[in-house]
Each structure stands twice: as C-alpha cells, then as structure tokens.
There are 2 protein chains.
Amino acid sequence: MSMVNSALSTTAYALLGLLVFDRENPEGMTGYELKQRADFTLRYYWVSPAMSQIYTELRKLSEAEFVETAPSDGPARYRVTELGEEQLQTWLFHGEVGFPILKHPVALRLLMGRLSTPEQLGSMLEGHLDDLAARRADLQGVRDMLGDEHRVRYAAMVADWGLAYYDSEAQIVAGLRERLDGMD
Amino acid sequence: MSMVNSALSTTAYALLGLLVFDRENPEGMTGYELKQRADFTLRYYWVSPAMSQIYTELRKLSEAEFVETAPSDGPARYRVTELGEEQLQTWLFHGEVGFPILKHPVALRLLMGRLSTPEQLGSMLEGHLDDLAARRADLQGVRDMLGDEHRVRYAAMVADWGLAYYDSEAQIVAGLRERLDGMD
DNA sequence: ACGTGTCTATTCCTAGTAGGAATATACCTA
DNA sequence: TAGGTATATTCCTACTAGGAATAGACACGT
C-alpha cells in the first residue's frame, strides 16, 4: 500500500469517521470513548483497533491537523477539524476502495475436513451457528438503538446489511450442516 | 492470542493444510507453488499470505518438524510429516476457533455516507457489485475444477459456501442500492 | 546470438498491526 | 478502608503486510 509519510491507514479514517458522527458535541471524545464507540459499531465492518492503536492513529491524525484536542484539564478530548472533515470526504470518494478481507476460521477448518469426521465438523458448524446468533443479537441491539433519524440513516442501512449478512450466513451454514449428515 | 514460542499462527496451519492436500505427491511443493495454491483456493476464506510470510511460516513449520524438505538439487520442496499431520488434526479440533474477521471497505464508507450524496454511494455500491461478480466467477472456476471426488469433498463444500456467500451479498447490496434511490 | 520479458524461487527490509502488560487515577461498595 | 471496576494512556514486543531486490531459467522475436 506504499504508506508514504503522510498517507493515513483505513483505520485512521474509520476513527475520523466516528469523530465526524460526534461533531455536534463541543466536548469531543477521549481515546477511551472512541474505543468503546468502535467496539459498539465499527467492529461489524472493520476490525476494532486495539487501544494502543487508537492512540497511535489519534497522534497521526493530530499531526496532520485532521483532529484537534479540545481544551480540558483532565484527559485529552479530540474533535474533528474542518480540514479533517474535508480530508475524509476526499478519501471517501477518491481513495482506493479495496476488496473486503475475510478471515474465516470455520471455513478454513472445514476446508481441511477430510482429516476429521462429519460429526466433528457438524459440531463445529453448530458452534458457529450459536456464535452467529449471539453476534446477530448484539447487532440487532445496535440497530434498535440507532432508529431512523437522518444523522444515522446510513449507519442504520449498514446495520441492516450486517443483519442480512448474518442471516444468510446462518442459512448457508445450516445447509452445509444438513449436507454433512448425508455423508459417509 | 498469547503466541508463546512454540505456538503456530492460523496461517501456518492453513499452509500445513495445503501440504496435507498434496501429501500423495512425494515431490512436495516449493514455497512458490504453495503461494500459488493459496492464491487459488485459500484466499476466499483466509488472507493469502505474502510470499515473504510463506517462507517465514515454512521455516517455523520446519523447526517444529511438521514439514520436511524432500531432497532436491534445485529449490526446496516441502512435504508434511506424520507429526505435522497429527498436529494439524489436534489443532483442528482442540484449538480455539475464533470468530470470523471482516474488513469491509465498502460498508465502512457507507457508514460515513452522510458526508456524501446518494449518487456517489450508489456508484460505489455498483462498483462493489461488479467486483463481487468478478470474484464469484473466479470462485466458480475453482469450484468447477474441484468436481466431487472424495479427496476434495470438503473443499468443494466450502467453495459452495463461498458461492452462496457472494450471491447473498450481491442480493443485499443490490437491495441497499435500491433503497438509496428512495432517499433525498 | 542477443536482448527483453516473464516465470520461478527466495530473501530482505520497513512500516503497520495486534494485543497484552504496566501505570495511574477515580469512584463505588462491602 | 481495602478491593474491585471503570477510565485513560503508554509501552513493549512479536507478528504481519507487502513491496523491492536478487537471480537463475526459459521463451520469443530480431
């Protein structure tokens, strides 16, 4: 990706995006709050960065003057700047949009299925279905909290996307589960 | 994940899995061939490791004696060992099965949609649909080549999983595309 | 025969990323 | 008032990404 000096990572832009959502709030957010927000929303579409990385990215964003620290006697509170918002907009529609990256440990194991029995594989798939259901419930919680107000309209759309994703994966996996029973 | 000394990464096990598929072949595979194989099959379910990483993982696998180098006067050719196969089996059913990790640059951008127009978002989604179709076609090619013979039965199942995945994502994205038209 | 290009094969380097541990303060509660 | 949990940030280290560099082999046209 040739990350030359000034170029920011996708994760940095994702965080910048979270700050834009919060731009009405003059207080700004601390790195810690940003992490919580990321865990709550971002993680369904992009890896939620580690705490240490949040602060690293905030430092970079700060150097580029895409964020500023609102004066505070306590912890550092970040707000997006005018420049930051423009930059995000530029990146959104002129930056490279890569292809989704998937790391699917369950599919990976099934791929090596011949080293195991259909029973073992079946129970793994069932475990995966449980995980999917739990995650889906979490995301449904997020979706319910979003509502439909204009500010979060697109976030709500993406949440619906995520829910449909989980549902279709669950269907597919259940189908495979059945198919396993028809095997030796 | 607490990667203590001896523990191998998921990527290492994925490569070990590819070597197991090839275990009938006394010649073994070079790192280069392994990379090609990974690009051809693995990449749909797990990030295809960079060349440099292939060699790094092969060194680790070799140190653990999970692979051996078949004698060759030319390039190094690797084969899975008895021990390696056992280890893979152990890992498959006693290792932690993490949750899938997704990095979805399109969903991420849509999440910040309010910084842009529905037209811009729509054309981004259309681009994504094209990408999906192209990828799907690639995967269909892989699937066709696999057939249904016992050796690759599970690999074929996973390919079907992948195809269904692409189809459902395409449907979901097309749905969102429509929904955008109904917006301001 | 000769340069150019592509494929095979491997190593090296650098920057990015993960993620636990460490530190420190504050607040709540048993 | 000790101990747990939440807030807030930094540090360290190992892992990962991925391009660049190197180098031999083979092919193809001139």
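Labels below follow one simple rule: chain letters A, B, ... track the order of the sequence lines, proteins then strands, and each chain is numbered from 1.
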In whole angstroms, how far is the C1' atom of D:dA17 from the CZ atom of A:Phe99? 19 Å
Do the charged groups of B:Arg151 and B:Glu24 touch, with an N to O distance under 4.0 Å? no
Closest approach to the side chain of B:Glu57, judged atom by atom: which nucleotide of C:dG16, C:dA9, D:dT16 is it? D:dT16
Distance, rounded to the nearest Å, where B:Glu27 contributes CD and C:dA9 contributes P: 12 Å
Candidate nucleotides C:dT10, D:dT9, D:dT16, ranked by approach to the side chain of B:Pro75 - the nearest: C:dT10
Regarding A:Arg109 and the six-membered ring of B:Tyr154, is the cationic atom NZ or CZ under 6.0 Å from the ring centre and inside 45° of its axis? no
Phosphate OP1/OP2 of C:dT8 contacted by B:Gln36 side-chain N/O (<4.0 Å): yes
Rounded to whole Å, how long is the line connecting atom CG of B:Leu8 with atom C1' of D:dC15? 13 Å
Please tell me if A:Tyr55 has a side-chain N or O lying less than 4.0 Å from either OP1 or OP2 of D:dT9. yes
Only one of A:Val142, A:Asp144, A:Asp138 clears side chain to side chain contact (heavy atoms under 4.5 Å, CB included) with A:Gln140; which? A:Asp144
Between C:dT8 and B:Tyr32, is there an OP1 or OP2 to side-chain N/O distance shorter than 4.0 Å? yes
Rounded to whole Å, the CG-P distance (A:Asp39 to D:dA6) equals 14 Å
So, OP1 or OP2 of C:dA9: does either fall under 4.0 Å of a side-chain N or O from B:Thr30? yes
Just to be sure I understand the rule, does B:Ser52 reach a base, reach only the sugar-phosphate, or reach nothing, if contact means heavy atoms closer than 4.0 Å? base
May I have the distance from A:Lys35 (atom NZ) to D:dT9 (atom C1'), rounded to whole angstrom? 14 Å
A:Met51 atom CE is separated from C:dA24 atom C1', nearest whole Å, by 15 Å
What is the distance, rounded to the nearest whole Å, between atom CD of A:Gln53 and atom P of D:dT16? 15 Å
Among C:dA9, C:dG19, D:dG18, which nucleotide sits nearest the side chain of B:Ala50? D:dG18
A:Asp39 bridged to A:Lys35 by N-O distance under 4.0 Å: yes
Contact check, side chains of B:Thr10 and B:Tyr13, non-hydrogen atoms, under 4.5 Å: no
What is the distance from CD1 of B:Ile54 to C1' of D:dA17, rounded to the nearest Å? 13 Å
